[in-house]
**Student:** 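To start, I am sharing the structure in question, which I have written as structure tokens.
Order of the sequence lines fixes the chain letters, A, B, ..., with proteins taken first and strands second; residue numbering starts at 1 for each chain.
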Amino acid sequence: MVEPILSARGLTREYAPEQGCLEVDLDVWPGEVVGIVGESGSGKSTLLRLLSGQERPDAGTLSFTDRAGRQHDLVRVSESAIRQLQRTAFGIVHQNPRDGLRLRISAGGNIGERLMGVGARHYGDIRAQAVHWLSHVEIDPARIDDLPRYFSGGMQQRLQIARNLVTNPGLVFMDEPTGGLDVSVQARLLDTLKRLVHDLGISVVIVTHDMGVARLLADRLLVMRFGRVIETGLTDQVLDDPQAAYTQQLVASILQVS
Amino acid sequence: MHETLTDYNFAYLDEQTKRMIRRGLLKAVAVPGLQIPFGGREMPLPYGWGTGGIQVTAAVIGPDDVLKVIDQGADDTTNAVSIRAFFAKTAGVATTEVTTEATLIQTRHRIPETALTSGQILIYQVPIPEPLRFIEPRETETRKMHALSEYGVMHVKLYEDIAQFGQIATSYAYPVLVNGRYVMDPSPIPKFDNPKMHQNPALQLFGAGREKRLYAVPPYTDVVSLDFEDHPFEVQSWDSPCGLCGSTDSFLDEVVMDDAGTRLFICSDTDYCRIQRERADG
């Protein structure tokens, strides 16, 4: 029987009354992409930070099952264990690549960091892995020794993804991964993401305010408003037949190009 | 009261300050390689000239000690001469340039070539005690990284060296793992000296004055230089022997001799060089 790899019940983190993230229930199943949509300030990013252990909840339960089948209680887990999970079993892709990359370290070093963090001590092997992952995210491996600051925004984002995937994480969190990119670069990045998710069988929780990104990538959607999940369901179902009034507005706001 | 005490306490620092530093040193010796904060005092010399080392020396020196001070291996440079004179004046202790005669050796940037023995104390002047600082500017974060042994980034630095230069180009302040637990910056000694720290019979104390940190390597402690399996740690070597004493196993400085660019390679350790020459002369 298949179990969800991430399971949250009543997850709450309140910065001020009605601000933050309130009583969220969520299951992430192996290999699926869950989209979290909503307007700015609706608690999307807070929820993502709670789920990925970057922040501790005020209330609720959260458990994670890694690829080896071990269960982790992410509310009570020690800080060293959560940091270990974040370096190995999780991937965290930030909206701004500058937050997720080391800009003074070459592309190869950025990819190799996680490997070295878990004990890889063979330069040749680390380098081979870096070349492998660069080509996987469609960056020319010849640029392995270039600094990320000389990369375009789209390439920086690809590099950030490669850096996260190198330890074969079961679950990747993405916060607006296509924000700040122009439309054609966005489209190519989405293509790459779709392929990687499919090939590697990873689960993804993706936060976005772009309904187009949600429709393309996500299998399931959570709509958030004022810190609460107001609607949830399969992506097509939510987008084609929205129930909540707010979701209807949100869907209606998508520009129709015909 | 000691007879030389008219204007200053013995060895300049007041006794309460010395006790505070000694408590820090005891903790540092108990947890090899861990950086211990201490209340650094203003010293009568500028930061960067050895305020950390001089405070450690002042805290551990006694009237019977024999002090040697070296700067880049030499006993006769400004920094070494003035610190030696400082303790001769404020503590009235005997001083020496001979490594084997010294009970306390304060050093900047070198470990003496002559092997140290049990009972000797080597005190390093340290500019930046935090080996992780180059990659992580936040002190709260580096402390956490030490606490959780998150040392992967140290290898990222070495990786970058190899990627850029084809070899590990870090040649001084080469990071070491102490007692299998803490990664430590050995102060800016050349990596040539790193192997001397390993299982050394002498007590090694480190003082950073500006950063206000103490750390230590107790006698006979494992000190391992970080490296890769396929790019092992190596020390510098030279094509020619020392131009003065002919030694082939010491760390050499390059000295420009004239306007025509003539160069001479000589031992950086002046005491060691003297011994080798005396031995050769017979």
Side-chain angles (χ1 to χ4, degrees), chain A residues 53-54 56 77-90 92 98-131 133-134 141-150 159 162-164 166-167, chain B residues 31 34 128 130-171 173-178 180-183 191 194 222-234:
Chain A
Q54 296 174 76
R56 299 277 172 133
V77 73
S78 71
E79 186 166 11
S80 81
I82 193 100
R83 286 171 70 115
Q84 179 74 22
L85 280 176
Q86 283 169 351
R87 282 202 310 263
T88 53
F90 290 174
I92 298 175
R98 272 165 295 186
D99 296 336
L101 292 174
R102 294 194 189 276
L103 294 182
R104 290 163 190 276
I105 302 289
S106 69
N110 265 291
I111 297 177
E113 181 180 340
R114 276 181 162 227
L115 293 172
M116 294 182 245
V118 296
R121 293 291 178 264
H122 192 282
Y123 175 81
D125 291 351
I126 294 166
R127 199 152 170 91
Q129 283 277 327
V131 168
W133 281 102
L134 278 176
R143 301 203 59 178
I144 186 168
D145 292 331
D146 289 354
L147 296 182
R149 73 168 79 155
Y150 301 122
L159 181 60
R163 173 183 156 87
N164 275 290
V166 69
T167 48
Chain B
V31 191
L34 175 66
I128 298 171
E130 180 51 74
L132 299 164
R133 184 66 72 228
F134 78 101
I135 206 150
E136 180 51 67
R138 288 169 296 178
E139 175 71 16
T140 47
E141 186 66 15
T142 52
R143 282 198 200 190
K144 205 171 277 179
M145 290 162 83
H146 280 295
L148 303 176
S149 295
E150 290 181 1
Y151 291 136
V153 289
M154 293 312 301
H155 278 85
V156 174
K157 186 185 185 187
L158 302 179
Y159 169 95
E160 289 291 290
D161 266 5
I162 303 171
Q164 223 177 328
F165 305 108
Q167 56 176 334
I168 297 177
T170 302
S171 58
Y174 192 103
V176 292
L177 184 68
V178 179
R181 175 60 181 85
Y182 286 99
V183 165
K191 65 178 171 185
N194 273 18
D222 284 342
V223 178
V224 180
S225 304
L226 304 182
D227 61 0
F228 285 106
E229 288 159 15
D230 47 347
H231 286 268
F233 173 79
E234 279 173 358

**Student:** Hey, which residues of residues 110-119 of chain A are touching chain B, say heavy atoms under 4.5 Å apart?
**Tutor:** Glu113(A), Met116(A), Gly117(A)
**Student:** Could you check which of Ile144(A), Asp145(A), Asp125(A) has the highest count of heavy-atom pairs closer than 4.5 Å to chain B?
**Tutor:**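 Among Ile144(A), Asp145(A), Asp125(A), the one with the most close pairs to chain B is Asp145(A).
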**Student:** Contact part of Leu148(B) toward chain A, heavy-atom cut-off under 4.5 Å: side chain, backbone, both or neither?
**Tutor:** side chain
**Student:** Checking Asp161(B) against Thr170(B): is there a side-chain donor and acceptor pair closer than 3.5 Å?
**Tutor:** yes
**Student:** Chain A heavy atoms under 4.5 Å from His231(B): which part of the residue, side chain, backbone, both or neither?
**Tutor:**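 Contact with chain A is through the side chain of His231(B) alone.
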**Student:** With the threshold set at 4.0 Å, does a side-chain nitrogen-carboxylate oxygen contact exist between Lys191(B) and Glu234(B)?
**Tutor:**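 Result for this pair is no, no salt bridge flagged.
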**Student:** Could you tell me which portion of Leu226(B) (side chain, backbone, both or neither) has an atom closer than 4.5 angstrom to a non-hydrogen atom of chain A?
**Tutor:** neither
**Student:** Tell me if a side-chain donor or acceptor on Asp227(B) pairs with a main-chain N or O of Phe233(B) at a distance below 3.5 Å.
**Tutor:** yes
**Student:** Without swapping roles, check the side chain of Arg143(A) against the backbone of Ala107(A) for a donor-acceptor pair under 3.5 Å.
**Tutor:**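 Checked: no pair found.
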**Student:** Would you please indicate yes or no on a ring centroid separation below 6.0 angstrom for His122(A) and Phe228(B)?
**Tutor:** no
**Student:** Are any of the side-chain nitrogens in Arg87(A) or Glu150(B) under 4.0 Å away from the carboxylate oxygens of its partner?
**Tutor:** yes
**Student:** Establish, from distance only, whether the side-chain atoms of Arg127(A) and Tyr159(B) form a donor-acceptor pair under 3.5 Å.
**Tutor:** yes
**Student:** Would you check if the side chain of Asn194(B) reaches a backbone N or O of Ser225(B) as a donor-acceptor pair within less than 3.5 Å?
**Tutor:**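 Judged by distance alone, no pair lies under 3.5 Å.
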